[in-house]
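Take a look at the structure set out below.
Reminder, nothing fancy here: chain letters follow the sequence lines and each chain counts from 1.
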There are 2 protein chains.
Amino acid sequence: MNEDTPGAGGGAGPGTVRPGGRTARVREAVLRAAGDALVERGFGGVDLAEVARRAGVGKTTVYRRWGTVPVLVADMLAEMAESSQPRADTGSLDGDLAALAGLILGTLTDERQGPLFKAVIATATGDGPTAEALHRFYRVRITEWAPCVDLAVERGEIPAGTDPAEVIRSLSAPLYYRLLASGDPLDAAAAKRAAAATAVAARAGVFVSAA
Amino acid sequence: MNEDTPGAGGGAGPGTVRPGGRTARVREAVLRAAGDALVERGFGGVDLAEVARRAGVGKTTVYRRWGTVPVLVADMLAEMAESSQPRADTGSLDGDLAALAGLILGTLTDERQGPLFKAVIATATGDGPTAEALHRFYRVRITEWAPCVDLAVERGEIPAGTDPAEVIRSLSAPLYYRLLASGDPLDAAAAKRAAAATAVAARAGVFVSAA
DNA sequence: ACGCAAACGGAACTCAAGTTCCCTTAACTC
DNA sequence: GAGTTAAGGGAACTTGAGTTCCGTTTGCGT
């Protein structure tokens with residue numbers, strides 16, 4: 001099997017000593033091609049040789065640097081965690097939650113991002129390091145949006161001690177549940193309902209941490 | 001490729017003309033072995049030849065009757081939808097929701113069921129018929145528990161017109177979100193919070209359908 | 001009970017995903 | 001800007017998942 005892969009914490013594999021120039025270009029091209037393949041065929045239908053071909057790269061390279069689909073996905077997630085999405089600041093908790101719900105809805109229903117998230121999460125269910133990368137990704141996103149909750153506390157809209165992460169999760173969960181499990185429609189009504197339910201629960205103090 | 005598979009709606013494949021005796025025993029053994037494999041290796045790590053071996057069945061049989069992992073999983077889901085879980089009736093919405101949250105928590109944290117659900121959902125993300133089977137499964141479960149909500153309406157705890165399915169989904173979603181996406185702890189506190197948030201939102205009329 | 005064919009099962013076969021080998025290209029250092 | 005060597009690439013090779021073939025077992029209608 002392969003040693004020292006990017007996703008894993010320890011060893012320094014190919015691409016770590018000379019990360020510039022060609023190496024960076026190859027990584028970019030391969031990640032993009034891998035994303036395309038995941039969107040089109042889903043996890044399970046991805047052939048690394050095809051990814052290499054579509055990236056205009058030797059398949060030896062793909063096998064050497066990543067080796068398996070989960071490792072490639074973990075690398076993608078690391079990349080995705082970098083690019084941050086700016087949070088809204090509408091002046092009210094309801095407004096901010098509605099904005100975030102709309103953003104998540106937009107992502108999950110997007111023609112490319114929806115299938116991509118499905119495939120990425122499916123991959124993470126079967127591989128520890130990929131799951132860890134996925135959790136890091138969500139931790140980043142939640143941290144970015146936490147200020148909305150803190151501001152609402154300062155404005156006195158919701159009780160002090162409310163856990164921002166719990167609020168964001170409560171908002172996200174129903175949309176992801178629809179995408180992955182129940183298959184129920186993923187529309188504006190669902191987003192609105194998620195935002196409303198979260199806002200009501202937050203005001204009632206359900207998300208106060210040391211309850 | 002394979003024609004007439006069990007998961008698909010149309011054709012009558014092997015196992016449909018003489019479903020008794022040996023055929024039934026084979027199906028049972030294969031589904032059990034497939035479940036074990038999914039739990040141990042996750043989707044993607046399942047080898048149909050190994051499933052056949054562990055089921056004590058010729059691998060030709062597995063390939064002929066099912067052919068691919070997704071089709072096998074879809075068949076498993078059809079089986080799982082049959083066996084229903086009795087709903088609670090504690091006399092209050094809070095009690096019923098707490099009971100259901102505990103049941104879901106128990107399932108998702110179970111040593112076998114947790115990984116199994118992960119693998120099944122991962123499979124469904126990449127295959128239409130399997131996704132359809134998964135959605136049917138949840139529709140059945142939701143229908144079973146809907147009476148809790150109807151009773152709460154009758155008792156006057158929550159507004160008339162509340163959509164039972166939305167309530168059940170709102171309860172389930174945070175737990176599934178943790179299992180599949182965020183990786184946050186899946187414990188009693190999470191279940192309690194989900195139940196509380198759902199109850200508060202329901203009382204506030206967030207889940208009234210024709211709002 | 002009998003007979004037909006549905007379903008099962010062993011074994012040989014195929015072919016493409018993944019590996020290995022070795023040469024070429026081009027980052028990074030001084 | 002010259003040398004060192006990390007990283008990439010082409011092509012042959014290996015291996016095991018999936019298929020095919022055909023003989024055997026057994027469910028089911030009569």
Sequence neighbours excluded, every pair satisfying side chain to side chain donor-acceptor pair (under 3.5 Å) that has a member inside [range]:
range: residues 142-151 of chain A; value: none
range: residues 103-124 of chain B; value: B:D36-B:R112
range: residues 38-49 of chain B; value: B:E40-B:R54

(request) From the options D:dG8, D:dT19, C:dA17, select the nucleotide whose nearest atom is closest to the side chain of B:Y63. (result)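 Comparing D:dG8, D:dT19, C:dA17 against the side chain of B:Y63, the answer is D:dT19.
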(message) Looking at B:R65, I'd like to know whether one of its side-chain N or O atoms comes within less than 4.0 Å of OP1 or OP2 on C:dA7.
(response) no
(message) Between B:D96 (side chain only) and B:T90 (backbone N and O only), is there a donor and an acceptor less than 3.5 Å apart?
(response) yes
(request) Figure out the CH2/P separation between A:W66 and C:dA17, and round it to whole Å. (result)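 Spelled out: CH2 on A:W66 to P on C:dA17 is 19 Å.
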(message) I'd like to know if A:R64 reaches the base of D:dG8 with its side chain, counting only an N/O donor and acceptor under 3.5 Å.
(response) yes
(message) Heavy atoms within less than 4.0 Å of DNA chain C: which residues of residues 40-61 of chain B have one? Give them sorted by number.
(response)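 Listed by number, they are B:V57, B:G58, B:T60, B:T61.
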(request) Apply side chain to side chain contact (heavy atoms under 4.5 Å, CB included) to B:P115 and list each qualifying residue two or more places apart in sequence or on a separate chain. (result) B:V39
(message) Run the side chain to side chain contact (heavy atoms under 4.5 Å, CB included) test against B:A199 and tell me which residues pass, sequence neighbours left out.
(response)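 So B:A199 forms a side chain to side chain contact (heavy atoms under 4.5 Å, CB included) with B:D94, B:L97, B:R203.
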(request) Among residues two or more places apart or on two chains, list those pairs meeting salt bridge (charged side-chain N to carboxylate O under 4.0 Å, His left out) that have a residue in residues 174-200 of chain B. (result) A:E166-B:R178, A:E166-B:R193, A:R169-B:D184
(message) For residues 100-109 of chain B, which residue pairs pass the salt bridge (charged side-chain N to carboxylate O under 4.0 Å, His left out) check, not counting sequence neighbours?
(response) none
(request) Apply salt bridge (charged side-chain N to carboxylate O under 4.0 Å, His left out) to A:E79 and list each qualifying residue two or more places apart in sequence or on a separate chain. (result) A:R27
(request) Only pairs at least two apart or in different chains count here, so list each ring-ring contact (aromatic ring centres under 6.0 Å, His included) that has a residue in residues 39-62 of chain A. (result)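 The answer is A:F43-B:F43.
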(message) So if I take the C1' atoms of five pairs at each end of the helix from C:dA1-D:dT30 to C:dC30-D:dG1 and get each local axis, what angle do the two axes make, rounded to 10 degrees?
(response)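 That helix has its two terminal axes inclined by roughly 60°.
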Please enumerate all protein N or O atoms sitting under 3.5 Å from an N or O of nucleotides 24-29 of chain D, with distances to 0.1 Å.
residue : atom : partner : partner atom : Å
D:dT25  : O2   : B:R22   : NH2          : 3.1
D:dG27  : OP1  : B:R22   : N            : 3.3
D:dG27  : N2   : B:R18   : NH2          : 2.1
D:dG27  : N3   : B:R18   : NE           : 3.4
D:dG27  : N3   : B:R18   : NH1          : 3.3
D:dG27  : N3   : B:R18   : NH2          : 3.2
D:dC28  : OP1  : B:P19   : N            : 3.4
D:dC28  : OP1  : B:G20   : N            : 3.0

